[in-house]
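Working notes, beginning with the structure itself.
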Number of protein chains: 2
Amino acid sequence: MSNEKLVAKNSKAIHPRRVSISKMEKSCQEVSDLLRSLSHPQRLMILGYLTQGPKSVSELGGLCDISQSQLSQFLGRMKAENLLKSERQGKYQYYAIADQRLIQLIAVIQNIFCR
Amino acid sequence: MSNEKLVAKNSKAIHPRRVSISKMEKSCQEVSDLLRSLSHPQRLMILGYLTQGPKSVSELGGLCDISQSQLSQFLGRMKAENLLKSERQGKYQYYAIADQRLIQLIAVIQNIFCR
DNA sequence: TTGACATATTATTATTTTATAATATGATAA
DNA sequence: TTATCATATTATAAAATAATAATATGTCAA
């Protein structure tokens, strides 16, 4: 059960050091809330698309197989959770990832699980 | 907040290498299921503790503030999802992380979000 | 064996999430 | 202005999850 091999094998860029459990205890509620936002296949895809840059709701609608209503609800929810920010430009509402850490996290998830 | 500003701010800052969206489309259900298991503060903590090595149910019970029943249910659930494996030793049932990728992921989460 | 401890299971209720439909608002172009 | 497109909101029903209590099972030591 040692993870030395893992640490050696995976770039230090990805996980430079180990964090104490007490730090985790303090933030586990916040972190688990964030992870819950990623725990739906379409929301995960939306965030994946948004790591490539801001997109309007209709662009996202073209990319994701999801109803207009649910897409808007998901975007609104993730904005309320401060994962996303949005800006209207004319008819279109552009959404973008608001928290850089989320971009990091999604990139790591892709690298670990989407091979 | 203009579109261009968002783009400049978000893209290509961090990620070491990028995975194609089509890979993500294929695995998003599996990945989001996994992330759902991490989307509860006590389950996240349980996994955090288990990254440090196998632990018996009662050891985990001493570490987490959670009822016996719920702890057992959470462990059973994560075992059914193949995140955990278990082995009985006498009176004690030892649980351990079954998927090395999960250890990686939790380490990354700690490094990004538990500072 | 019995009793005590460790863990699992079942049942149940409350809460949250998901999905869908219907309707509303806001912007633009004709 | 009105029609149309883009997006948001509301309502609601179904499904999943969380939390708790009660009970069952399995192991060991006396």
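Here is the naming used below: chain letters follow the sequence lines, and residue numbers restart at 1 for every chain.
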N/O donor to acceptor pairs below 3.5 angstrom from side-chain atoms of residues 24-36 of chain B, sequence neighbours left out:
| unit_1 | atom_1 | unit_2 | atom_2 | d |
| --- | --- | --- | --- | --- |
| B:Glu25 | OE2 | A:Tyr49 | OH | 2.5 |
| B:Ser27 | OG | B:Lys23 | O | 2.9 |
| B:Gln29 | NE2 | B:Asp33 | OD1 | 3.1 |
| B:Ser32 | OG | B:Cys28 | O | 2.8 |
| B:Ser32 | OG | B:Gln29 | O | 3.0 |
| B:Arg36 | NE | A:Ser39 | O | 3.3 |
| B:Arg36 | NE | A:Ser39 | OG | 3.2 |
| B:Arg36 | NH2 | A:Ser39 | O | 2.8 |
| B:Arg36 | NH2 | A:Ser39 | OG | 3.1 |

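- To the nearest 0.5 angstrom, B:Gln104 atom CD is 9.5 Å from A:Asn111 atom CG.
- Distance A:Gln68 CD to D:dC5 P: 14 Å, rounded to the nearest Å.
- Comparing A:Ser69 and A:Arg43 by the nucleotide of DNA chain C that holds the closest heavy atom to each, the one mapping nearer the 5' end is A:Arg43.
- For the pair B:Gln93 CD and D:dC28 P, the interatomic distance rounds to 12 Å; values are reported in whole Å.
- A residue-by-residue look at A:Gln70 and B:Arg77 shows that A:Gln70 has its nearest nucleotide of DNA chain D further toward the 5' end.
- When rounded to the nearest whole Å, the span between CD1 of B:Ile66 and P of D:dT17 equals 16 Å.
- Among the heavy atoms of the strands, none lies under 4.0 Å from B:Tyr94.
- When only modelled atom types and interatomic distance are considered, A:Ser69 and A:Gln73 share a side-chain donor-acceptor pair under 3.5 Å.
- Per the geometry, CD belonging to B:Glu81 stands 13 Å off C1' belonging to D:dA16, to the nearest Å.
- A donor-acceptor pair under 3.5 Å is absent between the side-chain atoms of B:Arg101 and the main chain of B:Ile103, judged by distance alone.
- Look at CD on A:Gln73: it is 14 Å from C1' on D:dA13, rounded to the nearest Å.
- Rounded to whole angstrom, the span from the NZ atom of B:Lys91 across to the P atom of D:dA30 amounts to 10 Å.
- Residue A:Leu71 contributes atom CG, which lies 11 Å from atom C1' of D:dA6 at whole-angstrom precision.
- A 4.0 Å heavy-atom criterion places the boundary nucleotides of DNA chain C facing chain A at C:dT17 to C:dT28, written 5' to 3'.
- Inspection of the B:Gln93 and B:Ser56 side chains reveals no N or O donor paired with an N or O acceptor under 3.5 Å.
- The side chain of B:His40 approaches D:dA18 more closely than any other nucleotide in the set D:dT7, D:dA18, D:dC28.
- Side-chain N or O atoms of A:Arg43 include none that pairs as donor or acceptor with a backbone N or O of A:Leu38 at under 3.5 Å.
- Spacing between atom CG of A:Leu35 and atom C1' of D:dT17 amounts to 17 Å, rounded to whole angstrom units.
- At the heavy-atom level, B:Ser58 lies under 4.0 Å from the strands shown only through sugar-phosphate atoms.
- Going from atom CG of A:Leu83 over to atom CG of A:Leu75 covers 11.0 Å, rounded to the nearest 0.5 Å.
- Residues A:Gly90 and A:Gln42 each lie close to DNA chain C; by heavy-atom proximity, the contact nearer the 5' end of the strand is made by A:Gln42.
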